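The structure under discussion appears below in the form of structure tokens.
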Amino acid sequence: MAKLPVLYLSCEAEALTAPKGQESLRRLIPRDLVVGSVAFITSEEGGAHLEILHQCGKGVLARHLQSGMRARGFEVAVSGSREPGLKLLAESMMQLVPEEVIELRLNTGMTSEHYREIGHWLEALRDQGVLLICLDRLESGGNNASYHQPHDSYIRNLIRQWEDEQMWVKAMSNSSPRGAGSSAANGSPVAEPTLCVLNTAFSLGGMKAPQRLFGFSLNENRQSLAGYGWMQ
């Protein structure tokens with residue numbers, strides 16, 4: 001089975017469910033790739049703990065994630081989702097019903113290294129037919145003036161800095177970056193949901209800069225979709 005891409009999407013969620021949003025998302029998934037299940041990775045400000053929200057399917061993927069993360073010291077609860085939006089979005093993106101759709105909702109307040117550790121472990125799912133979508137949801141009609149879009153130099157320079165740091169650590173330790181930087185777990189907690197999701201996406205993409213930057217205008221209300229794709 002071919003390796004599926006990792007997508008980081010920044011958008012007002014309801015705009016993605018519109019026809020133009022769905023069409024834009026379909027363009028990001030090569031037609032020859034087979035998607036079995038979909039895992040959305042999100043975060044929200046003030047979240048107290050990790051959650052897995054089961055959207056549809058038999059729950060095999062949800063239980064696998066729960067047991068694997070628990071083995072790595074992350075306590076995570078599994079519950080059903082009362083919001084069908086992500087399930088409907090996944091179906092519209094692939095024009096079929098996935099075997100399972102889940103949402104892994106990250107809590108804020110952990111260090112960057114913790115979010116990257118989660119991403120490192122989840123990366124193996126890319127070879128198992130699971131499409132991983134890191135969804136940074138903007139508030140609908142809210143004040144997003146301080147929010148940095150993926151195409152902003154701030155975010156691009158931040159990812160470039162992360163990549164340089166990982167290359168330096170690997171060169172100095174002569175080992176994989178996965179085993180290095182453990183001391184970073186004592187660093188400052190990450191309070192911004194965007195950076196929680198972005199750190200996870202970075203590690204899902206193999207600790208490398210994304211190969212694709214995209215942006216689509218979705219409607220006349222100035223709602224747009226922007227993001228990154230780790231395609232390799």
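Every value quoted in this text rests on a predicted model; they were computed, and no experiment measured them.
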How long is the straight-line distance from CZ of Arg63 back to CD1 of Ile102, given to the nearest 0.5 Å?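 Ile102 atom CD1 to Arg63 atom CZ measures 11.5 Å (nearest 0.5 Å).
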
Taking the side chain as every heavy atom from C-beta outward, state whether [X] and [Y] have any pair of such atoms under 4.5 Å apart.
X: Leu4; Y: Asp127; value: no
X: Val190; Y: Thr111; value: no
X: Val76; Y: Arg70; value: no

Output yes when Arg72 and Glu117 qualify as a salt bridge under the 4.0 Å nitrogen-oxygen rule, no when they do not.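 No salt bridge links Arg72 with Glu117.
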
Result of checking Thr108, Asp136, Ile41, Asn107 against Cys196 for side-chain contact (heavy atoms from CB on, under 4.5 Å):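 For Cys196, the side-chain contact (heavy atoms from CB on, under 4.5 Å) test succeeds with only one of Thr108, Asp136, Ile41, Asn107, which is Thr108.
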
Taking the six-membered ring of Trp162 as reference, does the cationic atom of Arg116 (NZ for Lys, CZ for Arg) lie under 6.0 Å from its centre and within 45° of its axis?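 Cation-pi check for Arg116 and Trp162: passes.
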
Measure the acute angle between the ring planes of Phe216 and Phe214, then classify it against the limits of 30° and 60° as parallel, tilted or perpendicular.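 Ring orientation, 0 to 90° scale: parallel.
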
Under 3.5 Å, side chain of [X] to main-chain N/O of [Y], donor-acceptor pair present?
X: Tyr228; Y: Leu7; answer: no
X: His54; Y: Gly57; answer: yes
X: Gln166; Y: Met207; answer: no
X: Trp230; Y: Gln211; answer: no
X: His120; Y: Leu122; answer: no
X: Arg126; Y: Lys3; answer: no

Taking the ring centre of each residue, are Trp121 and His114 less than 6.0 Å apart?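 No, the ring centres sit 6.0 Å or more apart.
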
What closest approach, in Å, do Leu204 and Glu123 show between heavy atoms, and which atom pair accounts for it?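 Looks like O-CG, 3.5 Å.
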
So, for Ser203 and Gly119, which heavy atoms are closest and what is the spacing to 0.1 Å?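 Of all heavy-atom pairs spanning Ser203 and Gly119, the closest is OG-CA, 3.1 Å.
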
Ile118-Leu53 co-clustered via ILVMFWY side chain contacts under 4.5 Å: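 In one cluster with Ile118: Leu53, no.
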
Starting from Val34, can I reach Val60 by hopping between I/L/V/M/F/W/Y residues whose side chains sit under 4.5 Å apart?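 Each belongs to a different hydrophobic cluster.
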
